[in-house]
Amino acid sequence: SHSCDESKQFRFAQWLEGIGSKNIVFHCKGNFYLVTTTGDKQIKARNFKHEFGSKDIRFASEDEITAQIQATIGSIPPFGFENQNIPMYIDREIFDHEFFIFNPSIPTKSIQISTESLEKIYANLPNPIKYFSHSEEQFELFDSL
């Protein structure tokens with residue numbers, strides 16, 4: 001798939017239950033950051049400007065994504081890549097659902113995982129991880145769920 005909408009259509013056709021993912025790699029001041037939320041939400045880079053230390057935030061290019069996490073736009077996984085230094089920011093709303101669905105760096109594949117298992121995976125990753133909560137009016141960062 002090349003977009004969250006394409007993935008959503010596929011999941012419905014395959015009867016996969018759960019909330020789909022949106023995984024974005026940002027670039028800011030020479031550093032890369034992975035932000036994971038639900039497929040229907042939009043991520044506003046300006047929400048992360050204080051955390052990243054600049055308002056000059058951009059989406060990472062295809063080449064940068066491939067170099068950082070061995071994935072391509074449209075199939076960025078929420079974990080499971082070799083880069084153990086890239087900070088990860090995870091939307092707390094994901095854990096309000098029973099299942100989470102994502103592409104594992106392969107645009108033609110989808111994985112369905114329980115959010116209970118996903119929570120355990122994040123708790124055991126070496127990457128720096130923070131959680132966030134956001135709505136139209138508010139954005140907050142947390143060190144844990």
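Just so we're clear, the structure is a prediction, and the values are computed from it rather than from any experiment.
Around CD of Glu62, the count of heavy atoms belonging to other residues, nucleotides or ligands within 6.0 Å exceeds 12.
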Could you walk me through whether Ile65 and Ile76 pass the side-chain contact (heavy atoms from CB on, under 4.5 Å) check? CA-CA 8 Å; Ile65 292 168; Ile76 298 170; 3.8 Å; yes
If you apply the rule side-chain contact (heavy atoms from CB on, under 4.5 Å), what do you find for Met88 with Lys130, and how did you get there? CA-CA 6 Å; Met88 300 166 69; Lys130 288 198 175 181; over 6 Å; no
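In this structure, Ile101 and Ile19 have side chains that are not in contact, with every pair of non-hydrogen atoms separated by 4.5 Å or more. Looking at heavy atoms from C-beta onward, Glu98 lies out of side-chain contact with Glu116 at the 4.5 angstrom threshold. Counting heavy atoms from C-beta outward, Thr36 and Lys22 have side chains that stay 4.5 Å or more apart. Contact annotation: the side chain of Arg92 approaches that of Phe142 to within less than 4.5 Å [non-hydrogen atoms, C-beta and beyond]. Looking only at side-chain heavy atoms (C-beta outward), Asp91 and His134 come within less than 4.5 Å of each other. Using a 4.5 Å cut-off on side-chain heavy atoms (C-beta onward), Glu82 and Gln70 make contact.
Side chain of Thr115 to backbone of Phe100: no donor-acceptor contact under 3.5 angstrom is found.
With sequence neighbours left out, His50 forms a side chain to side chain contact (heavy atoms under 4.5 Å, CB included) with no residue at all. Looking at residues two or more places apart in sequence or on another chain, you find a side chain to side chain donor-acceptor pair (under 3.5 Å) between Ser114 and Ser117. Residues that satisfy the side chain to side chain contact (heavy atoms under 4.5 Å, CB included) test with Arg58, not counting sequence neighbours, are His27, Glu64.
For the ring-ring contact (aromatic ring centres under 6.0 Å, His included) condition, the pairs that include at least one residue of residues 63-88, sequence neighbours left out, are Phe79-Phe102.
Here Phe48 sits in one hydrophobic cluster together with Ile24, Phe26, Tyr33, Val35, Ile43, Phe52, Ile57, Phe59, Tyr89, Phe132, Phe139, Leu141; the rule is ILVMFWY side chains under 4.5 Å apart, joined directly or through other members.
No donor-acceptor contact under 3.5 angstrom links the side chains of Ser54 and Asp56, judged on distance only. Asn103 and Ser75 share no donor-acceptor pair across their side chains, judged by distance under 3.5 Å alone. Side-chain contact check for Gln138 and Glu140: at least one donor-acceptor pair (N or O, by modelled atom type) lies under 3.5 Å.
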Quiz: residues 120-127 side-chain donor-acceptor pairs under 3.5 angstrom, not counting sequence neighbours:
{"from": "Tyr122", "atom 1": "OH", "to": "Pro78", "atom 2": "O", "distance (Å)": "3.2"}
{"from": "Asn124", "atom 1": "ND2", "to": "Lys120", "atom 2": "O", "distance (Å)": "2.8"}
{"from": "Asn127", "atom 1": "ND2", "to": "Asn83", "atom 2": "O", "distance (Å)": "2.8"}
{"from": "Asn127", "atom 1": "ND2", "to": "Ile86", "atom 2": "O", "distance (Å)": "3.1"}

